[in-house]
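What follows is a short report on a single structure.
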Amino acid sequence: METSTTAPTPAATPGDARRPLTRRDTRVDLWITALTAALGLVTLWLSAVIVEDADGAGSPSTLESVLWLLGLCAPLAFRRQRPVAVLVVVSAVFLAAQLRGYPDTLTPSIVEFVVIFTANAWAARRGRALVVSVVVTAVMFVWLGVWLHSVYVSDAEAPDPVTLATIAYTLVSNGIVLVTAIAFGRAARVSATRLHALERTGVELRAAHELVADRAINEERTRLARELHDVVAHHVAVIGIQAGAARRTLDRPDIARGALSAVEGTARTTIDELDRLLSVLRSRDGEAGSGPSGLGALPELMADTRALGLEVRFSVHGDARDVPESIGVTLYRITQEALTNTLKHGNASLAEVHLRYGDRTIEVEVVDDGRPGPTPYPGAGIPQGSTVTGPGLGQRGMRERVDLHGGELQLGPRPRGGYRVCAVLPVNACTDARPLDHVTAADPTERP
């Protein structure tokens with residue numbers, strides 16, 4: 001007898017879903033059928049010998065007994081495909097064989113136990129399987145009572161205590177077998193349903209894990225692209241400006257030498273920042289290396305931009321305080337990108353950078369007085385033949401950085417000329433504001 005904890009056919013309800021039958025299940029049922037038939041032949045032969053020694057009258061012939069045995073065992077091959085139908089057929093054959101005087105009771109009882117168990121464990125509808133099992137059990141008890149009465153009770157005299165005890169023992173033992181088959185089948189069904197649910201949940205979790213991993217990879221690729229753009233775009237623009245200045249001042253060696261020195265220094269800075277970014281990628285803990293980023297590097301950024309000929313005014317408003325490193329890096333990169341765009345596209349002579357500390361926010365604003373026309377900074381313009389359509393990678397990178405912190409970004413041309421970039425990021429309120437080394441007092445004559 002197989003007490004499989006696997007699931008019924010796909011006809012099961014969603015709340016009671018279990019895996020469908022497989023070819024392995026069919027092969028197992030065929031083996032169970034063959035082994036049960038072999039066992040039945042042995043018990044049939046032993047029972048026939050016992051009955052023949054006692055009183056062979058009323059017993060069917062050997063051929064008929066074998067046919068009854070095949071009628072009991074053959075439906076087991078389909079026990080998991082049609083569990084309720086097999087239960088009804090086997091029970092009917094069981095009763096008919098016993099009424100014909102089939103000598104063996106062991107193998108038929110085993111088969112009956114198996115089909116009752118299977119019906120409660122594998123039927124698509126649990127309620128119908130339970131009702132059919134109860135009806136079959138009741139019919140079995142009625143038949144058993146009639147058979148016991150015909151064997152042990154005589155109309156002439158009342159049964160003695162031994163006879164009554166024998167009848168009670170037979171009824172109780174058979175009742176335990178039938179009820180146990182129902183209980184074990186329903187318990188196996190619950191266990192199989194839970195197992196299949198766990199397997200299905202495991203598949204869903206693996207799929208979700210793969211989805212999260214793919215999303216994390218895509219986000220990491222976007223972050224790396226943004227970092228590479230922030231590191232390279234500004235310094236390459238500076239290199240282009242200085243190289244153009246050197247080309248235009250070749251007849252003045254002192255000026256050209258200074259421009260080429262700036263190109264060399266900017267190239268070294270670019271290499272250092274790329275090396276820092278690569279070191280972050282190589283490190284397991286993700287700790288960033290040293291490099292010019294964060295609010296503390298804003299004065300150095302202003303100085304580098306002024307060296308290119310663009311006048312930059314930097315002011316700080318509000319009570320300066322420490323901010324998370326990620327927010328400081330974001331504000332630095334936004335300022336760097338805005339100044340780079342001013343140099344490349346703005347045709348501006350003045351840029352103003354305002355850093356404002358609020359109660360729960362920190363804001364950086366970069367405005368310039370750009371106007372239509374070619375850029376005055378050699379090497380900073382767009383190469384001939386190239387076109388620019390839509391927002392560039394730099395503006396998209398700024399938006400992604402701001403969105404990452406749940407802030408707001410405003411950028412666009414100013415009504416009176418020039419361009420404005422303003423980023424507002426939320427930070428926790430800090431009561432013990434401490435002045436930082438990188439900030440300077442705001443000039444009251446400057447426009448906030």
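Keep in mind it's a predicted model, so treat the numbers as computed, not measured.
In this structure, F94 and W143 have perpendicular ring planes: the angle between them is above 60°, well past the 30° mark.
Counting only heavy atoms from C-beta outward, the side chains of L44 and W68 never approach each other to under 4.5 Å. For the pair M140/L95, a side-chain contact is recorded, criterion being any heavy-atom separation below 4.5 Å from C-beta on. Inter-residue side-chain proximity for T342 and T305 is flagged as unmet; no heavy-atom pair is nearer than 4.5 Å. L298 is listed as a side-chain neighbour of F314, based on a closest heavy-atom distance under 4.5 Å. Here the side chains of R206 and H209 are not in contact, with every heavy-atom distance at 4.5 Å or above. Between L425 and V364, every side-chain heavy-atom pair lies at or beyond the 4.5 Å cut-off. Looking at V90 and R79, their side chains never come closer than 4.5 Å, going by heavy atoms from C-beta outward. In this structure the side chain of Q98 reaches within 4.5 angstrom of the side chain of T105, judged on heavy atoms.
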side-chain contact (heavy atoms from CB on, under 4.5 Å) evaluation trace for L301 with V353: CA-CA 11 Å; L301 177 62; V353 179; over 6 Å; no
- prompt: What do the steps show when you test L411 against R399 for side-chain contact (heavy atoms from CB on, under 4.5 Å), and what is the final call?
  reply: CA-CA 10 Å; L411 47 84; R399 291 190 183 278; 3.6 Å; yes
task: Determine, step by step, whether T26 and Q81 satisfy the side-chain contact (heavy atoms from CB on, under 4.5 Å) criterion, reporting the C-alpha distance in whole Å, the side-chain angles of both residues, the deciding distance to 0.1 Å, and the verdict.
output: CA-CA 9 Å; T26 303; Q81 299 176 20; 4.0 Å; yes
- request: Could you walk me through whether I327 and L295 pass the side-chain contact (heavy atoms from CB on, under 4.5 Å) test, one step at a time?
  value: CA-CA 9 Å; I327 292 181; L295 298 181; over 6 Å; no
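Closest approach of S91 to V136, counting heavy atoms only: OG-CG1, 3.2 Å. Between D368 and A348 the shortest heavy-atom distance is CB-CB, 3.9 Å. Shown here for L409 and A423, the closest heavy-atom pair between the two residues is CD1-CB, 4.0 Å. For the residue pair R321 and R360, the shortest heavy atom distance occurs at NH2-N, 4.3 Å. Residues F113 and T180 come closest through the heavy atom pair CE1-C, 4.3 Å. A pairwise comparison of heavy atoms in D29 and A77 identifies CB-O, 3.8 Å as the closest pair.
Under the 3.5 Å distance criterion, the side-chain polar atoms of S191 are left unmatched by any main-chain donor or acceptor of A187. Using modelled atom types, no side-chain atom of R186 and backbone atom of N120 make a donor-acceptor pair closer than 3.5 Å.
Between the CD atom of E400 and the CE atom of M398 there is a distance of 11.0 Å, given to the nearest 0.5 Å. Taken from CD1 in I176 to CG in L171, the straight-line distance is 11.0 Å, to the nearest 0.5 Å. How far OG1 of T137 is from CD1 of I116: 4.5 Å, rounded to the nearest 0.5 Å. Between I362 atom CD1 and R356 atom CZ the span is 11.5 Å, to the nearest 0.5 Å. Taken to the nearest 0.5 Å, the CD atom of E408 stands 10.5 Å off from the CG atom of D403. In this structure, R189 CZ and T118 OG1 are separated by 11.5 Å, a value rounded to the nearest 0.5 Å.
If you check the side chains of D25 and T22, you find a donor sitting under 3.5 Å from an acceptor. Side chains of E311 and S349: no donor on one and acceptor on the other come within 3.5 Å.
Partners of T43 by side chain to side chain donor-acceptor pair (under 3.5 Å), not counting sequence neighbours, listed by chain and number: D104, T107.
Checked options L339, I334, V312; the residue passing with V366 is L339 (criterion: side chain to side chain contact (heavy atoms under 4.5 Å, CB included)).
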